[in-house]
Amino acid sequence: MYLRRLELQGFKTFAQKTVLEFLPDTGGRRGLTAVVGPNGSGKSNIADAIRWVMGEQSMKLLRGKKSEDVIFSGSEKKSRAGFAEISMTLVNDDKSEIDLAEIVVTRRLYRDGQSEYEVNRQSARLTDVALLLAQAGIGQRTYSVIGQGMVDAVLVASPAERKEFFDEAAGLRPFQLKRQSSMNKLDATKDNLKQAELLLREIGPRLSSLERQAKRLQERDGIQEEVRELERTYYGGMWKDITTRLTVAQTSHKAAEDAAGSRAKEAEGLEGELSTLEKAIPRSEGFREIQTALDVLAGERSKLREEQLKLESSREVAKIRAEKPWSPLPLSKIIESIDQLKAQHDKLWTLLDAASPDIAKVKSLVEEIRSSNGDLLGKLQRPAPEPEAAAPTDPKIEKETERLMDAMHALDAKIEETKKKLDAWNKNEEAKRSHIFELQHKLSALRREATEAEHKASSAAVDVARIETRRDAFLLELRAQAPGLEAQLEELAKTAKPPEGGSYDTLLPRLTKLRSQLEWIGGIDPEVLKEYEETKKRFDDLASQTQDLTQAMGSLESIIAELDKTIKERADTSFHLLDREFGSFFKKLFGGGEAKLIEVAAEPETDEDGNILSEPDMNAGPAGIDIQATPPGKRLKGIALLSGGERALTSIALICAIMATNPSPFVVLDEVDAALDESNSRKFAEILGTLADRTQFIVVTHNRATMDQAHVLYGVTMGDDGVSQLLSVKLEDVMKAR
């Protein structure tokens, strides 16, 4: 690779577009191009232009104070330029690192501060340009461009700065840039991984909560289906049971009423027959009076008994109607019962834990606990209604009942008295009235049977009222819990089958539990499923990113370790070669003496009191490079004790050693031989001529010996308008013309 073309426009004193061509000589050598001219003509601006287009940001090295100082500022006869532009064309003839035949690097700066970089006419960044040039072995801070006063900069630099210079000269810059880029990526990856892990820790609990809620929502359909199936079985079976009992009770009531009516009709027939017999058989006046009184009393007693039966039936029906509709056992009562059981168990444990437990109290308490357990189990299997005070009876019914009872007692006493009179009379008339007595006894039996039938009818009416009340409560519960099943009750009752091992009431606890679960699930927002999916997707993405970042960290660490190994190996090889070449060139320039490079080890980090804070990394290589130079006939070793000329020769020897060890595609030397005498100038020129086989040199000089080694000579002049102009001469053509 070599520099073929340099275009300047608006850069410092080159206001007009100026082109410099750099071509190899006829022998195929990279050659040497000399730039000459009087002081102040703008020769050094060519070196600054090359440094600037390669990305130099230090205005001090460009001999300016601010960025716009590189733009032509104008003169009395020439207006100032609006921008500065440099294009540098490199020919990549070896293509060792870069797969491009030609590289054109352009930098452009406007007065408003806007800056542009281009590579082969395509927009690029400064980092891209620096990496590209580093891969080509070119850098604006190394020996590729050595300006005025910089010839001994490497000597006065610190060991650490000198090591950086040597690393770049040894071709380590591309690897160091890649390592720095990898380190930056590694730091960024660690930060991203830390943020991802923080987000995962933050999202994790929320995702677990959402997952539980989403799972319950997904289970809701199954629970609802089970509830519907249980409701169909439970309500259908209960309706079948209630309707069956009601039918039986109504049938019993009707049968009792029919029996009471039949006995009443038979009694009426016997009374008619008895009346006929009494008319047919003459009676005495005393018998008629007794019989009439007895009949009157019996009729009154029968009426009172009917009224009593009606009052009792009304009282029982009122009690049934006053009963509270059946409802499931409340949860509060269940909890209260369980708390009471716990207290009883605690009390039992206290009695048993005593030194001499009271067996009687223990037995009593155990029996009490068993009773409570049985009571609670019964309530859970068929929950009872909340306890309430007994319904008050109707005062009128109670008062009327007392009146009837008093009247009954009074009538019974009168009847008994009348019967005694009749018995006395009957003893006298027994023979004549035996048949009448038989009829009377039969009539009494029929009346008793009628009374018993009426009592059965009243009991049956009470059962019917109780079952109807149960039916009404059942329908109320059905409308509240499953209103859609009311129209299907008859059909469900036909197909209902009792559950295995129990009645329909055993289904109620399971049904109540499932309803409670549905009620709890009903409080979960259905949007939870959507939020769960979004949160899970985000969590999975973060987990995947975390895994990718972890793998990326491992890859970056491997790359950094490999780069460190490569840098160390190349640095060691380059250092030994450079040390050898430095000693060789030093002896050639000085005619003897000795010079060598020394690696400076890193020192441990300490605090203000001198305590060691951290040991240096032994794998990181030396912290710097020191230089020892001893001219012939002297015992000096430190470069600080060298004279100005000796320092210049030492610097040139070091630069030549670098160029010989790791040749750069081109090197720009800006008056580096100004401090040399004629003898040393010739030596320096001969060295450049030797190195020109592999390195292209652009030398700004006033030295004749250097000009003699050049195959192209550019002259720089400046007119009265303050603009630099070029005059080129190819010395080979001049020599042929002679």
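Nothing fancy with the numbering, it's 1 onward along the sequence.
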> Is the closest basic N to carboxylate O distance between Lys342 and Asp339 below 4.0 Å?
Replying inline: no
> Is any NZ, NE, NH1 or NH2 atom of the basic residue among Arg125 and Asp128 found under 4.0 Å from an Asp or Glu carboxylate oxygen of the other?
Replying inline: yes
>> I'd like to check the salt bridge (charged side-chain N to carboxylate O under 4.0 Å, His left out) partners of Lys190; sequence neighbours left out, ordered by chain and number.
In response: none
> Any side-chain heavy-atom pair from Leu199 and Arg538 closer than 4.5 angstrom?
Replying inline: yes
>> So which atom in Ala543 and which in Leu200 form the shortest heavy-atom distance, rounded to 0.1 Å?
In response: N-CD2, 3.9 Å
> Got a second to check how far Leu131's CG is from Lys178's NZ, nearest 0.5 Å?
Replying inline: 7.0 Å
> Quick one: side chain to side chain donor-acceptor pair (under 3.5 Å) partners of Arg403, sequence neighbours excluded?
Replying inline: Glu400
>> How close do Arg245 and Ile467 get, counting heavy atoms only, and between which atoms?
In response: O-CD1, 3.4 Å
>> If you compare all heavy atoms of Lys456 against all heavy atoms of Ala256, which two are closest, and at what distance to 0.1 Å?
In response: C-CB, 3.8 Å
> What is the minimum heavy-atom distance between Ala249 and Ala460, and which atoms define it?
Replying inline: O-CB, 4.3 Å
> Can you check side chain to side chain contact (heavy atoms under 4.5 Å, CB included) on Glu562 and Ser558, steps first, answer last?
Replying inline: CA-CA 6 Å; Glu562 185 177 350; Ser558 299; over 6 Å; no
> Does any N or O in the side chain of Ser262 come within less than 3.5 Å of the main-chain N or O of Asp258, such that one atom is a donor and the other an acceptor?
Replying inline: no
> What are the two closest heavy atoms between Ile559 and Ser182, and how far apart are they?
Replying inline: CG2-OG, 3.9 Å
Sequence neighbours excluded and cut-off under 3.5 Å, please list the side-chain donor-acceptor pairs for residues 546-557, or say none.
{"from": "Thr546", "atom 1": "OG1", "to": "Leu542", "atom 2": "O", "distance (Å)": "2.7"}
{"from": "Thr550", "atom 1": "OG1", "to": "Thr546", "atom 2": "O", "distance (Å)": "2.8"}
{"from": "Ser555", "atom 1": "OG", "to": "Gln551", "atom 2": "O", "distance (Å)": "3.1"}

>> Rounded to the nearest 0.5 Å, what separates atom CD in Gln195 from atom CD in Glu202?
In response: 12.0 Å
> Rounded to the nearest 0.5 Å, what separation is found between the OG atom of Ser337 and the CG atom of Asn373?
Replying inline: 10.0 Å
>> Looking at Glu367, is its backbone amide N or carbonyl O close enough to the side chain of Ser371 to form a donor-acceptor pair, meaning the two atoms are under 3.5 Å apart?
In response: no
>> So, taking the atom named NZ in Lys254 and the one named CD in Glu257, what distance separates them when rounded to the nearest 0.5 Å?
In response: 8.5 Å
>> Donor-acceptor check, side chain of Ser544 to backbone of Asp540, threshold 3.5 angstrom: yes or no?
In response: no
> Just checking, is any N or O donor in the side chain of Gln180 or Asn184 under 3.5 Å from an acceptor N or O on the other one?
Replying inline: yes
>> Using the rule given for side chain to side chain contact (heavy atoms under 4.5 Å, CB included), can you reason through Gln250 versus Leu246, listing the C-alpha separation, both sets of side-chain angles and the distance that settles it, and then say yes or no?
In response: CA-CA 6 Å; Gln250 289 174 343; Leu246 183 60; 3.7 Å; yes
> Can you tell me how far CE of Met183 sits from OG1 of Thr189, rounded to the nearest 0.5 angstrom?
Replying inline: 11.0 Å
